[in-house]
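In what follows, a structure is listed as structure tokens, so that the remarks can point back to it.
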Amino acid sequence: MKGRLFIIAGCSGVGKGTLLKLFLEKNPEIKLSISATTRKPRNGEKDGVNYFFISKEEFINSAENNEFLEWAEFSGNYYGTKKSFVEKTLNKGIDLILEIEVKGAAQVKEKLPDAITIFIMPPSVETLEKRLRGRHTEDEQTIQKRLNEAKREIEAGKKFDYQIVNDNLEEALNNLQKIFDAGVNKNAER
Ligand code: ADP
Ligand code: 5GP
């Protein structure tokens with residue numbers, strides 16, 4: 001039996017990282033893929049833990065060698081999922097989560113239609129902005145760039161198999177758990 005592949009996306013600052021940390025503490029048998037990125041590490045982020053932080057040259061080289069299952073540019077940086085890690089994990093029968101942005105999610109869904117896609121929605125754009133600012137990890141220009149992506153991402157998110165509004169954290173966590181426990185791909189059911 002192969003593992004199941006879940007894709008979780010949502011605007012920057014919506015609470016994906018917060019939700020996933022809590023979710024993975026409760027579900028230690030599920031793995032989270034570590035992406036490669038050309039973004040600089042934030043305070044406290046560690047190479048090989050949060051991301052594999054690599055140079056633009058290394059990234060382009062990996063992309064040209066077809067090492068990525070998907071990759072995309074987001075807010076001025078490159079992000080990509082290593083194909084070999086995904087294949088190995090799923091072949092071992094382990095369920096895997098990709099926390100990636102919407103363009104990458106579409107690439108994976110196209111290649112692996114059984115993947116279950118979940119979009120985390122903000123309660124409102126105002127709340128999203130408050131959360132992104134409240135995190136104190138980005139400068140003003142970066143915040144603006146990320147907010148500018150939000151509308152397009154929310155539109156793309158409407159096409160995902162599931163949407164979860166992250167208003168009350170506990171409620172959002174319960175809804176995420178329900179989707180994993182059911183493990184069905186809504187589109188495949190139709
Ligand atoms: P993302 O990973 O989607 O960019 P984060 O998980 O870093 O977002 O969350 C952004 C900020 O919003 C953090 O400061 C986090 O503590 C806060 N946050 C996340 N979920 C909620 C929630 N349900 N209610 C209030 N604040 C939240
Ligand atoms: P951040 O810089 O806040 O860590 O991530 C920015 C965006 O890039 C988020 O939407 C995050 O989900 C996305 N992201 C992280 N890793 C990957 C990846 O491997 N591929 C793609 N396409 N997006 C990713």
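Atoms within each ligand, like the ligands themselves, are counted from 1 in listed order. As the structure is a prediction and not an experimental result, all values here were calculated from the model.
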Worksheet item: By number and element, which atoms of ligand 1 are closer than 4.0 Å to a non-hydrogen atom of Asp167?
Response: 22 (C), 23 (N), 24 (N)
Fill in: Ring centre gap for Phe180 and Phe6 strictly below 6.0 Å
yes
Worksheet entry | Pair Glu149 + Arg152: basic N to acidic O under 4.0 Å | yes
Worksheet item: Which is it for Glu149 and ligand 2 at heavy atoms under 4.0 Å: side chain, backbone, both or neither?
Response: neither
Worksheet item: For atom 4 (O) of ligand 2, which candidate among Tyr51, Tyr78, Tyr79 holds the nearest heavy atom?
Response: Tyr51
Practice prompt. Return yes when Gly80 approaches ligand 2 closer than 4.0 angstrom through a heavy atom, no otherwise.
Written response: yes
Item to complete: With heavy atoms under 4.0 Å as the rule, classify the contact between Leu132 and ligand 1 as side chain, backbone, both or neither.
Response: neither
Worksheet item: Considering only heavy atoms, which of Gly17, Gly10, Cys11, Gly13 lies nearest to atom 10 (C) of ligand 1?
Response: Gly13
Practice prompt. Pick whichever of Lys130, Arg42, Arg131 has a heavy atom sitting closest to atom 11 (C) of ligand 1.
Written response: Arg131
Practice prompt. Please confirm whether Ala172 comes under 4.0 Å of ligand 1, counting heavy atoms of the residue only.
Written response: no
Worksheet item: Should one rank Lys16, Lys82, Arg39 by closest heavy-atom distance to atom 2 (O) of ligand 2, which comes out on top?
Response: Arg39
Worksheet item: Which of the atoms in ligand 2, numbered in the order shown and given with their element, are less than 4.0 Å from a heavy-atom of Ser35?
Response: 16 (N), 17 (C), 18 (C), 19 (O)
Fill in: Glu140/Arg133 ion pair, N-O < 4.0 Å
yes
Practice prompt. Mind checking whether Lys103 contacts ligand 2 via backbone (N, CA, C, O), side chain (CB onward), both or neither, at a 4.0 Å heavy-atom cut-off?
Written response: neither
Practice prompt. Give a yes or no on whether a salt bridge exists between Lys82 and Glu67, defined as a side-chain N under 4.0 angstrom from a carboxylate O.
Written response: yes
Discussion item. Could you check whether Phe59 and Phe68 have their ring centres less than 6.0 Å apart?
Written reply: yes
Worksheet item: Looking only at heavy atoms of Thr127, does any of them come nearer than 4.0 Å to an atom of ligand 1?
Response: no
Worksheet entry | Any N/O pair Lys16/ligand 1 closer than 3.5 Å | yes
Fill in: Enumerated ligand 1 atoms positioned under 4.0 Å from heavy atoms of Leu169
20 (N), 23 (N)
Item to complete: Just let me know how Phe74 lines up against ligand 2, side chain, backbone, both or neither, with a heavy-atom cut-off below 4.0 Å.
Response: side chain
Worksheet item: Does a sphere of radius 6.0 Å around CD in Glu29 hold more than 12 heavy atoms from other residues, nucleotides or ligands, not counting ones at 6.0 Å or beyond?
Response: yes
Worksheet item: Is ligand 2 less than 4.0 angstrom away from at least one heavy atom of Gln107?
Response: no
